[in-house]
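Every number for a ligand or one of its atoms is a count from 1 in the order of the listing.
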Amino acid sequence: MSVLKILNTIFPLVKNVFNESSTNQDVYKKLGQPIVKKCLDGYNGAILTYGQTNSGKSYTMFGSEDAKGVIELAIDDIFHEIDNCSDNKSFNLSLSFIEIYNEKIFDLLVEKKHELKIFESQGEAMTNQRQVAIKTKKEIHKILLNGNRNKHIASTAQNDQSSRSHTILSLNIESTNSLAEIKSSKLFLVDLAGSEKPDNAKASFNEGLHINKSLLALGKIIRQLTDKNVNVKNLRFRESVLTRLLSSCLGGNSHTSIICTANLLSLDETFYTICFARNAEKVKCRPVINSIIDDSKEVSILRCEVKRLQGELEIERTARRGKLFSVNTTYVIKEAKKRIRSELDETFTQQTPKVFIKSLTRDEKMIKSLQHELEKMKLENEQMKGESEKLKTDLSECNGKFKNIEIENAFLKSQIKREEQKKSKVLLKCKVLKEKLIGMKEKKLKENSGNSNSTMTDESSNYNEFIIGIAKKNEIDAKNIEIAKMQNELNVLKSQLEENNEIHKQTEEKIKSQLNSLLDAYQIIQRQLYENTKHIEQVTLERDNASNLVLALKENFKTSMCKTQEYYNILIKQKKEQEENFQQKTNVMKSEQLKDFLKMQEHYEKQFNALKICNHNQKLKIDQLEEKLNELNDSKKFINERKHEHEKIKFIKQHFEMKLCEKVKYYEKLLIEREKELVALKNLQNNNDNKCAAFGKLLITN
Ligand SMILES: Nc1ncnc2c1ncn2[C@@H]1O[C@H](COP(=O)(O)OP(=O)(O)OP(=O)(O)O)[C@@H](O)[C@H]1O
């Protein structure tokens, strides 16, 4: 049992764990086959391998001579389905094969390497890579073989054949059925480059940096996707080319399997891989079938469907004694239509201005808030720019220091070289001198031996030879002293050289450590710079989006303002017209009124004059009246004076009146009595007349 399996039994890590004895076939059956089947049903799918370097990602994906990899097994399954599908179903296959190397995209199906452009289409990141139509398995194998040859592979400390890039093989599967329904799906087969510790070699250091950066971005996206509070739309897929191209597979429209590989050579890397796997397991994708129907065929299908439904409707109508039903329904529909139309008319006539004003104010508010946000973003952007400028200056300072150190280093190296050259020169000199010395010594010895053998006949010649010998000896001594001096110098130079070597070693170590720390700082700064530039890019993008939104809203606002302005202009025009009409009317009226007024004025003036005259007359009358009043007052006085007499007379008059009344009353009573008597007498007379008549009649009869 593998360590991973033991670990998994103690702490349940992830769902499907395989050990060393598991084959690619086992892995494919569990994690690959379900995805491939979904792809054949019209869903998008993706199978990715993730893990540290030398853990078997490429082995799992591409297999080896003895064992098929996931890609080959998937292709087998796809062709098995194609070969065994019904006659009415047909498949079209095409593939593309790309790699992402140092954040650049290269087409592996093209011999000549040139960077591919990345662009957005319908919200998805795309590249202009070559698409090759596929008919047979052999074709795919050939393409894969060629593509793999074009891949960036290098020997690293951990792996002789380490992939230095992420490779993405995408298979487009298109199927058409008898109903002309076209299902189109994409299967991504991704072999990611392995995460690794930085290597000191510059090229692999850069590669490692880019690999780690893109894998970090992938890990970050996976981590964020597990957070329920994070909106997928807000995720920063643009942080790396890898996440940008795989955005649809990560929590989007795709069934996705990630095969995480690990070896226990580096426990921290294994730990990271397990963490990644645990996060990835929690991510939920939202796949949908990608089906399209051919228009012309769809029309004929729909026509058939309409006919069928019409037939059904007819049957239904006759079954329900259709006439009444249809009349009722049409009536109901008509009524509903009328109602809806009237409601709509009402809303349009009554609500539109309100709605329009509301939307205007809402738009205004939105524009204001967006402008506010824009200002904020601008400020943030400025700050970020400042920070990035600072970082850039820091970086350039670091670069400067780095260059200085490099120059110093080169200078020291050249010095060491010079010293070494000097040393070799001195050594050469020493050698020459030694050789000379040895030659001289030998010569001397020979001369000495020659001298002992010869006969000393001539004393003076002996003496001369002796002198020469002494001179030569002196010369040799001097040369010896020179040699000793040179030896000393050499020793001094040697010791200096050693010292220099020591200093050189120390400075080299110092430089190395400084270089390492500078490289670390440089790396950190570069990362920060990258993050900042990305952030700035994001912020600028967001700002652009916001400004676009603001612009769009402004446009909306402008158009609505234009409309209102037009409306306002019309109103103003109408108002002007009305004012003009009014002015004309008032002018007419004014002239008429003026005439009337003048007439009136005349009339009133006349009246006024008449009144004046009247007034004068009245004044005269008043004077007269006053006179009369005075007269009356006088007469009043007179009257008052006479009043008493009048009162008396009045009293007497009253008295006489009373008496007269009494008399009148007495005579009235008397009259009434006399009248009564008269009536009685008349009645008596009538009786007598009647009696006379009766008596007369009696007389006649008699
Ligand atoms: N399950 C396995 N059985 C046999 N050999 C394996 C297995 N897994 C990996 N290997 C061997 O291990 C070595 C490294 O594997 P591979 O190249 O696939 O690693 P990798 O994760 O892709 O590394 P890198 O990220 O550096 O490209 C290869 O020689 C491969 O054949």
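Close approach of ligand 1 to S55 is summarised as follows: ligand atoms under 4.0 Å from at least one heavy atom of the residue are 19 (O), 20 (P), 21 (O). Residue S162 has at least one heavy-atom neighbour below 4.0 Å for each of these atoms of ligand 1: 24 (P), 26 (O), 27 (O). Heavy-atom proximity to S163, at under 4.0 Å, picks out these atoms of ligand 1: 24 (P), 26 (O), 27 (O). Remark: ligand 1 atoms within the under-4.0 Å shell around heavy atoms of G194 are 25 (O). Shown in contact with Q52 at under 4.0 Å from a heavy atom are these atoms of ligand 1, numbered in order with element: 21 (O).
The shortest N or O to N or O distance between A193 and ligand 1 is not below 3.5 Å. The shortest N or O to N or O distance between Y59 and ligand 1 is under 3.5 Å.
Without hydrogens or angle criteria, E120 side chain to M126 main chain gives no donor-acceptor distance under 3.5 Å. At distances below 3.5 Å, not a single donor-acceptor pair connects side-chain atoms of S254 with backbone N or O atoms of S248.
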Hey, mind stepping through Y101 and R164 against side-chain contact (heavy atoms from CB on, under 4.5 Å) and telling me if it holds? CA-CA 7 Å; Y101 175 70; R164 310 311 296 152; 4.0 Å; yes

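Using 4.0 Å as the threshold, T261 has no heavy atom nearer than that to any atom of ligand 1. For the pair R164 and ligand 1, no heavy-atom separation below 4.0 Å is found. Residue G51 places no heavy atom under 4.0 Å from ligand 1.
With values rounded to the nearest 0.5 angstrom, K104 atom NZ is found 12.5 Å from L116 atom CG. In this structure, SG on C39 lies 8.5 Å from CG on L171, to the nearest 0.5 angstrom.
Contact check for L245 versus I118: side-chain heavy atoms found under the 4.5 Å cut-off.
Remark: K68 fails to qualify as a cation-pi partner of Y28 under the 6.0 Å distance and 45° angle criteria applied to the six-membered ring.
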